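What you see is a predicted model, and the numbers here were worked out from it, not measured in a lab. We count ligands from 1, going down the list as the structure has it; atoms in each ligand are counted the same way. Heavy atoms only: backbone and side chains are in, while hydrogens, waters and symmetry mates are out. We count residues from 1, following the sequence as given.
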Amino acid sequence: MLTQAIYGKDNVRVLKVKKNPQNPNYQDVIELRVCVLLEGDIDESYTKADNASIVPTDTVKNTIHILAKQTEVWPIELFGATLTNHFVTKYSHIHAAHASITQYRWTRYEVDGKLHPHSFIQDGAETRVVHVVKRDTAGSAFSINSGIKGLTVLKSTGSMFYGYNKDDFTTLKETTDRILSTDVDASWLWAAKTVPTLAAVEKLASSGVFDDAYTKARAITLRTFALENSASVQATMYNMANQILAATTHVESVHYELPNKHYFNIDLSWHHGLKNLGKDAEVYAPQSDPNGFIKCTVDRTKSKL
Ligand SMILES: O=c1[nH]c(=O)c2[nH]c(=O)[nH]c2[nH]1
């Protein structure tokens, strides 16, 4: 029996240029990678080889291009809502649409001390992302989950890890000073009641609410990572998530997924007693794997503890 059916186009790449009507030389760019997946009355395309219900994935790709041209693409939350809304309203047999959008960082750069009107630098591997779901059931709001991915950070001190469970499987040594590094994957879910319709999403978008949450989430992550003397990845991410909830109003919950990218101490004492441990540690061995992997979701419910 068919228990899931969902399909669409993945990795649709789009770059849009926005030209300032007063000064066409001044431009903005946005580069995206888009995945749109559809669900609905499509089972017979799988079970009976009847393609009648299939909106071809090629059409999905064309739609992404056409809507990128004809509608507002900034911010990606709005573009995701526009895309998903299109598919569930245009096709009566499509009952849910999912859009996952990755936005690359093209940052305007300075030339002779002034931000250049149309030149940008690819500012690292970090991306801004959104996952939007729209169902055609009456009264069904958008599900919009915004986030940051691939923001790689490292601090060379100001991180500890001690007091953990120890038993006959434990070899890890306690430390009050270690390197902490991660690739930040943070996301925040918008309360459904604040995004009931495309008009509501448009309103939030034009008032800067999505961009503001992104800017705050990024700043809080970087600031907390730097300033806090971290007791653990767990405690630090919980602290970050709570600050994001406090700094935003329409966000229902915040989710972090952080690899703990280990940098091992190297004992060099075998070489003429060379000191490279504890307070003398300078040379470390970066580990590509394995890594810790630590996740949490924090919402606004008051803790009972
Ligand atoms: O911050 C940490 N959390 C852990 O759960 C853990 N486990 C480990 O070996 N090192 C660390 N560090």
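Using a heavy-atom distance under 4.0 Å as the criterion, the protein contacts of ligand 1 are Phe161, Leu172, Arg178, Ser232, Val233, Gln234, Asn260, Ile294.
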- May I have the step-by-step check of side-chain contact (heavy atoms from CB on, under 4.5 Å) for Ile94 and Ile42, ending in yes or no? CA-CA 8 Å; Ile94 297 298; Ile42 57 174; 4.2 Å; yes
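Put simply, the side chain of Phe210 reaches to within 4.5 Å of the side chain of Trp190, judged on heavy atoms. Looking at heavy atoms from C-beta onward, Asn260 lies out of side-chain contact with Leu258 at the 4.5 angstrom threshold. Using a 4.5 Å heavy-atom cutoff, the side chains of Asp167 and Thr170 are in contact.
For the side chain to side chain contact (heavy atoms under 4.5 Å, CB included) criterion with Asp183, the lone passing option out of Thr152, Val153, Asn291, Leu151 is Thr152.
Using a 4.0 Å cut-off between charged nitrogen and carboxylate oxygen, Asp28 and Arg108 count as a salt-bridge pair.
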